[in-house]
There are 2 protein chains.
Amino acid sequence: MGDHIRRNMPLFPIGIVKKLTELSARQIRYYEEHSLIQPSRTDGNQRLFSFNDVDRLLEIKELIDQGVNISGIKQIFTMKQAEKTKKVESFHSPERKELTDQQLRSYLKSELMMAGRFGKASLIQGELSRFFH
Amino acid sequence: MGDHIRRNMPLFPIGIVKKLTELSARQIRYYEEHSLIQPSRTDGNQRLFSFNDVDRLLEIKELIDQGVNISGIKQIFTMKQAEKTKKVESFHSPERKELTDQQLRSYLKSELMMAGRFGKASLIQGELSRFFH
DNA sequence: TTTGGTATGTTAGAAAATCTGACATAGTTT
DNA sequence: AAACTATGTCAGATTTTCTAACATACCAAA
């Protein structure tokens with residue numbers, strides 16, 4: 001849960017993000033303009049990107065390469081977000097509250113493992129081998 | 001294994017490092033001048049710091065606060081380095097290799113994917129992790 | 001006490017990086 | 001053909017960082 005903080009901490013200027021993602025500054029700003037990312041700013045108005053932002057830009061690039069346009073990407077992202085909040089809601093739903101602590105811990109553990117193992121699998125399949133050797 | 005590479009990726013401009021370490025730019029440059037750190041540079045000669053650099057600056061700050069002077073810190077660091085190489089010298093020869101941008105992107109991407117999948121693990125270690133809880 | 005070294009602050013001027021806004025353009029859609 | 005999409009490019013302004021120099025408080029040695 002400190003994880004969220006770490007991954008959302010504003011760290012990188014646009015020059016680094018360009019190298020990291022192989023996107024042009026124009027593209028990155030354009031995607032921001034269309035609300036695909038929301039990097040924060042310094043006091044002097046310079047963009048600062050987090051790991052999550054970079055992650056998201058890599059996803060965007062992937063989708064662009066696959067021919068998806070901005071609107072499509074926006075849809076995909078809002079769908080993903082819906083998935084996430086759905087999971088959180090079901091976790092907090094009333095019938096879940098009747099669980100014993102033991103059951104809860106067990107659930108949490110398996111949930112984390114499943115999410116870990118299969119969370120993003122569809123998106124990455126095939127890509128993954130390239131990055132691990 | 002790719003850990004070394006991740007932790008040595010040049011990522012942060014000095015402005016970010018100032019915030020992360022609560023050191024002044026003057027201090028950071030002074031420590032570089034005395035070879036306590038060796039941040040890399042952009043084509044335009046701007047410093048770029050890695051996670052390791054930031055970690056090291058936090059160690060430096062700690063030691064300064066404890067009254068150790070630059071020479072002392074230098075000694076401590078060379079001792080630590082000796083310890084490390086002693087431990088692993090039977091496994092690897094510590095040759096320094098330059099990263100291509102492509103390699104850097106690959107590692108970042110896989111790191112981000114791993115972080116998303118397994119919730120965290122290797123990206124941030126050492127003292128720097130204090131800032132992410 | 002004077003001198004000198006250490007670690008840091010501050011300032012100035014130059015260079016690099018980034019910002020926004022505008023116009024250009026190759027493809028695609030209508 | 002006209003409009004739209006996604007990106008390139010350029011200009012001028014602003015922010016950030018650079019080096020070099022000088023200032024200073026503290027401490028220690030001569």
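Chain letters run A, B, ... following the sequence lines, proteins first and then strands; every chain starts at 1. Treat the numbers as computed from the prediction; the structure is a model and nothing was measured.
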Exercise. Between A/Y30 and D/dA6, is there a side-chain N or O to OP1/OP2 distance below 4.0 Å?
Worked result: yes
For this session: Establish, with yes or no, whether the OP1 or OP2 oxygen of D/dC18 is under 4.0 angstrom from a side-chain nitrogen or oxygen of B/R47.
Result: yes
Does a side-chain heavy-atom distance below 4.5 Å link [X] with [Y]?
| X | Y | result |
| --- | --- | --- |
| B/K80 | B/E59 | yes |
| A/L20 | A/L57 | no |
| A/E62 | A/Q66 | yes |
| B/E32 | B/P39 | yes |
| B/Y31 | B/L23 | yes |
| B/F49 | B/I16 | no |

For this session: Answer yes or no: is there an ion pair linking A/R47 with A/D53, defined by an N-O contact shorter than 4.0 Å?
Result: no
Exercise. How far does CZ of A/R26 sit from CD of A/E33, to the nearest 0.5 angstrom?
Worked result: 6.5 Å
Problem set entry | Rounded distance [0.5 Å steps], CD1 in B/I14 versus OG1 in B/T21 | 9.0 Å
Any protein N or O atoms within reach of nucleotides 10-16 of chain D? Criterion: under 3.5 Å, listing atom names and distances.
| unit_1 | atom_1 | unit_2 | atom_2 | d |
| --- | --- | --- | --- | --- |
| D/dT16 | OP1 | A/T42 | OG1 | 2.7 |
| D/dT16 | OP1 | A/G44 | N | 3.4 |

Nearest whole Å is fine: how far is [N] [atom2] from [X] [atom1]?
| X | N | atom1 | atom2 | value |
| --- | --- | --- | --- | --- |
| A/H34 | D/dA6 | NE2 | C1' | 9 Å |
| B/E32 | D/dT17 | CD | P | 14 Å |
| A/R26 | D/dA6 | CZ | P | 11 Å |
| A/D65 | D/dA6 | CG | P | 14 Å |
| A/K61 | D/dT7 | NZ | C1' | 14 Å |
| B/N69 | D/dC27 | CG | P | 13 Å |
| A/I28 | D/dT7 | CD1 | P | 11 Å |
| B/F49 | D/dT17 | CZ | P | 10 Å |

For this session: By nearest nucleotide on DNA chain C, pick out whichever of B/S24 and A/L48 is the more 5' one.
Result: B/S24
Problem set entry | Nucleotide interval of DNA chain C bounded by contacts with chain B (heavy-atom cut-off, under 4.0 Å) | C/dT6 to C/dA17
